[in-house]
Amino acid sequence: MNTLLLGIGAWDPEPWRERFRNVLPGWDIVLHTEPYDRRAVTYAAAWKQPEGTFSGLPHLEAIFSLGAGVDHLFKDKRLPEGVPVVRVVDPDLTTRMSEYVVMHCLMALRRVRVYDGFQRERKWIDLRDQPQASDIRVGLLGMGVLGQDAAGKLKAMGFPVAGWSRRPKQVDGVTVHHGAEGLDAIVSASDILVAMMPLTPDTAGILNAGLFARMPKAEAIGGPVLVNVGRGGLQVEADILAALEAGTLGAAVLDVFETEPLPEDSPLWSHPNVTVTPHNSAISSPPAIAAYIARQIAAHAAVGSLENIVDPQHGY
Ligand code: NDP
Ligand code: OXD
């Protein structure tokens, strides 16, 4: 019997087993925590699996991440070489991510947190010096599927948008910088910086004190704003807190963290200029993800094709 192995470390795997049973009738859906025939496994799906889950599977054809990111897979030193790794690309996820990014850029523009504070203190204060969206530059670190969608929607709201990618890239109406040499150009010209890139050896810890110090003063919105929806490993949280204290950063909107769930004693929870969300800026429907993976398995079995394979050399 065809077997799909689920290597799910961070969530309850049983609802996933049920979803896959619905879309892969006749398949055996097994969990890494239970006994199963390793020779029967042809495909695997994963979210934060334990190290070595996918080694010693002689007939494994492909591994599917249950999310858009694949850093959880590539940090497994025993990931089998030569087996394609596929990530989620889903229009629903992309739309939700753009909603989050546009919403937080608008909230920063309109000083929503500041007015919330005034309201709590029953203070009728009008800051008056209201900038326009066209005054506030948004830089998107990462111009892939998510970055490009957000860029279009931010532009529609009137924000000047620039992007940053690893390789040179043409995107209509957006200046895209690239590579290490392009980083300074985008950082020094972004009042709001949105990290929408994968966690790889090249990007780990990139959101640090040195980078915040290069951002403009962005006085019109009370200081430059960092938004991180990529991965927690991109940011140095101690540097974010220090930059907020020093005024180098005006605010931070964080959906992802060095440690998830964010530990209860993290000072980020209670900082007045930090917004914390629980890695849900862009959740997508689990049944839609199971259906997407089942479609890919059918196409691969029939004609050998797979979409959205990641490049193991670059880790995304
Ligand atoms: P893509 O692979 O489509 O895009 C990644 C972008 O990052 C590309 O533009 C790529 O450059 C750029 N990039 C990668 N490495 C570097 C580097 N070293 N220097 C400069 N740019 C780099 O991914 P998606 O847009 O679909 O997703 C991005 C990330 O968002 C995911 O990897 C995941 O970590 C995160 N995510 C978070 C979610 C959440 O709920 N918080 C939900 C979904 C995704 P190039 O174009 O040259 O390849
Ligand atoms: C992710 C996702 O990769 O939720 O974070 O898809």
Side-chain angles (χ1 to χ4, degrees), residues 8 10-11 16 45-48 64-75 85-101 103-104 139-153 161-171 174-187 193-207 211 227-235 253-258 260-262 275-286 288-290 292-293 307-316:
I8 299 179
W11 301 324
W16 281 100
W47 190 250
K48 301 190 179 172
F64 296 92
S65 171
L66 291 173
V70 290
D71 46 293
H72 61 103
L73 280 160
F74 286 116
K75 80 174 188 212
V85 172
V86 175
R87 70 194 198 94
V88 169
V89 174
D90 172 44
D92 181 36
L93 182 153
T94 304
T95 300
R96 287 163 188 254
M97 181 60 91
S98 292
E99 286 169 2
Y100 185 97
V101 170
M103 172 178 74
H104 283 289
L140 300 175
L141 302 182
M143 279 300 278
V145 173
L146 300 182
Q148 289 189 44
D149 192 72
K153 290 171 181 167
V161 180
W164 185 61
S165 56
R166 186 172 57 81
R167 301 161 287 188
K169 193 157 225 166
Q170 302 286 333
V171 177
V174 181
T175 304
V176 184
H177 306 276
H178 70 275
E181 59 294 348
L183 184 60
D184 193 51
I186 186 160
V187 169
L193 202 56
V194 185
M196 312 187 75
M197 66 217 174
L199 175 62
T200 70
D202 291 339
T203 61
I206 198 167
L207 306 175
L211 180 133
V227 180
N228 185 8
V229 292
R231 279 292 178 266
L234 301 174
Q235 74 202 13
V253 176
L254 306 175
D255 183 51
V256 287
F257 300 90
E258 289 171 3
E260 294 182 7
L262 181 63
T275 300
V276 169
T277 53
H279 195 147
N280 71 350
S281 52
I283 48 167
S284 51
S285 142
I289 292 174
Y292 159 86
I293 291 174
E307 288 171 6
N308 305 316
I309 298 181
V310 301
D311 172 355
Q313 198 197 328
H314 292 104
Y316 74 98

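We count ligands from 1, going down the list as the structure has it; atoms in each ligand are counted the same way.
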Problem set entry | Proximity of Val145 to ligand 1 by residue part, where a heavy atom lies under 4.0 Å | both

Problem set entry | Sub-4.0 Å atoms of ligand 1 with respect to non-hydrogen atoms of Met97 | 37 (C), 38 (C), 39 (C), 41 (N), 42 (C)

Exercise. Judged by modelled atom types alone, do Ser65 and His72 share a side-chain donor-acceptor pair under 3.5 Å?
Worked result: yes

Problem set entry | Those atoms of ligand 1 less than 4.0 Å from some heavy atom in Gly142 | 6 (C), 7 (O), 9 (O)

Problem set entry | Min N/O separation Asn280 to ligand 1 under 3.5 Å | no

For this session: Return the residue, atom name and 0.1 Å-rounded distance of the protein heavy atom closest to atom 1 (P) of ligand 1.
Result: Arg87 NH2, 3.4 Å

For this session: Could you tell me the residue and atom name of the protein heavy atom closest to atom 28 (C) of ligand 1, and the distance to it rounded to 0.1 Å?
Result: Met196 O, 3.4 Å

Problem set entry | Atoms of ligand 1 close to Asp255 [distance to a heavy atom under 4.0 angstrom, numbered from 1] | 39 (C), 40 (O), 41 (N)

Problem set entry | Polar contact flag for Val229 and ligand 1 (N/O pairs, less than 3.5 Å) | yes

Exercise. Is the closest N or O pair between Leu146 and ligand 1 shorter than 3.5 Å?
Worked result: yes

Problem set entry | Side chain, backbone, both or neither: the part of Thr200 lying under 4.0 Å from ligand 1 by heavy atom | neither

Exercise. Looking only at N/O atoms, are Asp202 and ligand 1 under 3.5 Å apart anywhere?
Worked result: no

Problem set entry | Atom indices of ligand 1 within 4.0 angstrom of Leu93 heavy atoms, with elements | 43 (C)

Problem set entry | atom 43 (C) of ligand 1 [closest protein heavy-atom partner, distance rounded to 0.1 Å] | Ala68 CB, 3.5 Å

For this session: Indicate yes or no: does an N/O atom of Tyr316 lie under 3.5 Å from an N/O atom of ligand 1?
Result: yes

Exercise. For atom 33 (C) of ligand 1, what's the nearest protein heavy atom and its distance?
Worked result: Arg231 NH1, 3.7 Å

Exercise. Just which atoms of ligand 2 are under 4.0 Å from any heavy atom in Arg231?
Worked result: 1 (C), 3 (O), 5 (O)

Problem set entry | For Leu93, the ligand 2 atoms whose distance to one of its heavy atoms is below 4.0 Å | 6 (O)

Problem set entry | Whether Trp47 and Trp11 hold their rings parallel, tilted or perpendicular, with breakpoints at 30° and 60° | parallel

Problem set entry | Contacting atoms of ligand 1, where contact means under 4.0 angstrom from a heavy atom of His279 | 39 (C), 40 (O), 41 (N)

For this session: Say whether, by atom type as modelled, one donor and one acceptor occur between the side chain of Arg87 and the main chain of Ala68 under 3.5 angstrom.
Result: yes

Problem set entry | Subset of ligand 1 atoms that lie under 4.0 Å from at least one heavy atom of Pro198 | 5 (C), 7 (O), 14 (C), 32 (O)

Seminar exercise, completed: Ranked by distance from atom 4 (O) of ligand 2, the top protein heavy atom is His279 NE2, 4.1 Å

For this session: Please indicate whether any nitrogen or oxygen in Met143 is less than 3.5 Å from any nitrogen or oxygen in ligand 1.
Result: yes

Exercise. Counting heavy atoms only, which part of Arg167 comes closer than 4.0 Å to ligand 1: side chain, backbone, both or neither?
Worked result: both

Exercise. Does any N/O atom on Gly147 come nearer than 3.5 Å to any N/O atom on ligand 1?
Worked result: no

For this session: Flag Lys169 as yes when one of its N or O atoms lies below 3.5 Å from any N or O atom of ligand 1, and as no otherwise.
Result: yes

For this session: Please indicate whether any nitrogen or oxygen in Thr203 is less than 3.5 Å from any nitrogen or oxygen in ligand 1.
Result: no

For this session: Around atom 19 (N) of ligand 1, find the nearest protein heavy atom and jot down its residue, atom name and distance.
Result: Trp164 CH2, 3.3 Å

Seminar exercise, completed: atom 21 (N) of ligand 1 has as its nearest protein heavy atom Arg166 N, 3.0 Å

For this session: For a side chain to side chain contact (heavy atoms under 4.5 Å, CB included) with Thr277, tell me which candidate from Asp255, Leu254, Val229, Val253 qualifies.
Result: Asp255

For this session: Tell me which protein heavy atom sits closest to atom 31 (C) of ligand 1, plus the residue, atom name and distance to 0.1 Å.
Result: Gly69 CA, 4.1 Å

For this session: Report yes or no: does His314 have a heavy atom closer than 4.0 Å to ligand 1?
Result: no

Exercise. Short list, please: which atoms of ligand 2 are under 4.0 Å from a heavy atom of Ala68?
Worked result: 1 (C), 2 (C), 3 (O), 6 (O)

For this session: Identify the protein heavy atom lying closest to atom 8 (C) of ligand 1, giving its residue, its atom name and the separation to 0.1 Å.
Result: Gly144 N, 3.7 Å

Exercise. Between Trp47 and ligand 2, is there a nitrogen or oxygen pair with a distance under 3.5 Å?
Worked result: no

Problem set entry | Lys/Arg N to Asp/Glu carboxylate O, Asp71 vs Lys75, below 4.0 Å | no

